[in-house]
Amino acid sequence: MKLSVCKKDKATMDVTGREEYYLGIDLGGTDVKYGIVSRDNLIIVNYKEPTQTSSEGALLTQLKNICRKMMAEYHVKAVGIGIPGNVSMRTGRVDFSVNLPFNNTDVEEYLTQALDISVKIAKDANCAALYEHLAGGGKDFDNMVMITIGTGIGGGIVINGKLYISTKEDAGEIGHIITHARGRACGCGQEGCFEKYAAASALTQAAKDAATSAPNSILAKRISENVSAKAVFEALDEGCGIALDVYNNWIYELAIGIKSLVRIFSPDVIVMSGGVMHQAEKIIPDLMKQCGDVKIVNSKGGNAAGIIGAAMLQYRGIK
Ligand SMILES: [Zn+2]
């Protein structure tokens with residue numbers, strides 16, 4: 001599915017006078033989003049298609065075909081791919097990914113061999129953080145924590161102008177800092193992880209529970225129409241007190257984690273992203289009231305951050 005086309009006037013030419021572009025791929029468990037990106041961080045064209053998760057071979061073939069298609073249409077200089085899971089930039093391999101059929105898969109080697117082009121991979125959250133740091137909400141700040149609120153909570157950390165990766169390449173898993181001793185069980189094996197209380201899915205679950213206890217509330221009506229975090233904000237707009245309790249408690253949980261991150265990193269800026277941040281105008285001031293002296297901003301890239309950040313692996317790189 002073709003999503004959009006952007007007109008651009010500034011072009012970067014190679015020695016033959018052709019425009020040079022980068023292919024950025026945001027590989028998710030549900031969809032592969034990809035686009036042609038210029039060196040000035042613009043998406044020229046982008047697409048989305050369902051991820052082929054039936055086997056490792058099927059997924060690698062899908063990635064190869066996407067690259068081939070884009071390379072046939074545009075002068076693609078190099079390819080960057082953001083992937084969820086245990087992704088190694090050092091080896092170019094994906095050791096493991098919960099939602100993808102990769103198991104110690106040499107993604108870079110496979111695609112580089114098949115396509116004769118430079119391919120770089122990185123963890124999807126780090127691609128988005130790279131974009132936000134270099135061109136998005138965290139631009140002009142040397143120290144940034146990015147928090148992505150979705151089904152879980154992801155993150156990216158920039159220290160002294162450099163994305164912090166760590167030797168094991170697994171830094172930034174801020175959804176799994178423990179905010180509740182002996183709390184809810186998490187898929188990671190711990191109890192009381194931040195994301196079990198502050199992810200968008202936790203907000204939705206709290207709304208469902210509150211709706212069960214107060215079946216005549218506006219929140220119960222909205223959640224029956226649409227089981228999502230959005231229902232909470234709709235009910236809030238209609239003045240529902242039950243929804244306000246659910247929302248305030250979620251903000252409190254989010255603030256607990258953010259305050260810990262602020263103590264550790266003392267960031268110049270915290271960049272918030274994820275679908276729920278459509279409500280940023282409400283969420284950010286409420287968080288700032290609880291989190292004290294820290295700047296909190298909305299992400300600039302939104303969904304595009306994953307695509308542009310993946311392409312940036314090639315033309316900016318993780319320093
Ligand atoms: Zn966890």
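Heavy-atom basis, side chains included; hydrogens, waters and symmetry copies ignored.
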Plane angle bin for Tyr74 and Tyr21 - parallel if under 30°, tilted between 30 and 60°, otherwise perpendicular: perpendicular
Pairs where residues 115-132 contributes a residue and the test side chain to side chain donor-acceptor pair (under 3.5 Å) is met, not counting sequence neighbours: Ser118-Gln314, Lys123-Glu173
Tyr164/Phe265 aromatic ring centres below 6.0 Å: no
Atom of Thr53, atom of Asn99 and distance for their closest heavy-atom approach: CG2-O, 3.9 Å
Distance-only donor-acceptor check, side chains Thr204 and Ser228, under 3.5 Å: no
ring-ring contact (aromatic ring centres under 6.0 Å, His included) contacts touching residues 165-207 (sequence neighbours left out): His180-Tyr197
Donor + acceptor pair across side chains of Asn249, Glu253 (<3.5 Å): no
Closest heavy-atom pair and its distance - Ile25, Val32: CG2-CG1, 3.5 Å
Closest non-hydrogen atom pair between Gly136 and Lys300, with its separation: CA-CB, 3.7 Å
Side chain Ser266, main chain Val262, donor-acceptor under 3.5 Å: no
Stepwise side-chain contact (heavy atoms from CB on, under 4.5 Å) test for Ser97 and Val94: CA-CA 7 Å; Ser97 181; Val94 180; 4.3 Å; yes
Under the side-chain contact (heavy atoms from CB on, under 4.5 Å) test, residues paired with Glu109 that sit two or more places apart: Asp106, Gln113
pair Cys240-Leu236: side-chain heavy atoms closer than 4.5 Å: no
Step-by-step side-chain hydrogen bond (donor to acceptor under 3.5 Å, both in side chains) determination, Asn41 to Tyr315: CA-CA 10 Å; Asn41 315 321; Tyr315 66 86; 2.7 Å; yes
side-chain contact (heavy atoms from CB on, under 4.5 Å) partner of His133, chosen from Val271, Val158, Leu163, Ile157: Val158
Check against side-chain contact (heavy atoms from CB on, under 4.5 Å), Ile270 and Met144: CA-CA 6 Å; Ile270 289 180; Met144 175 191 98; over 6 Å; no
Lys139, NZ atom: more than 12 neighbouring heavy atoms under 6.0 Å: no
Contact summary for Lys282 and Asp286, nearest pair of heavy atoms: O-OD2, 3.2 Å
Residue pair Tyr22, Arg39: steps toward the side-chain contact (heavy atoms from CB on, under 4.5 Å) verdict: CA-CA 8 Å; Tyr22 295 82; Arg39 253 180 186 276; 3.3 Å; yes
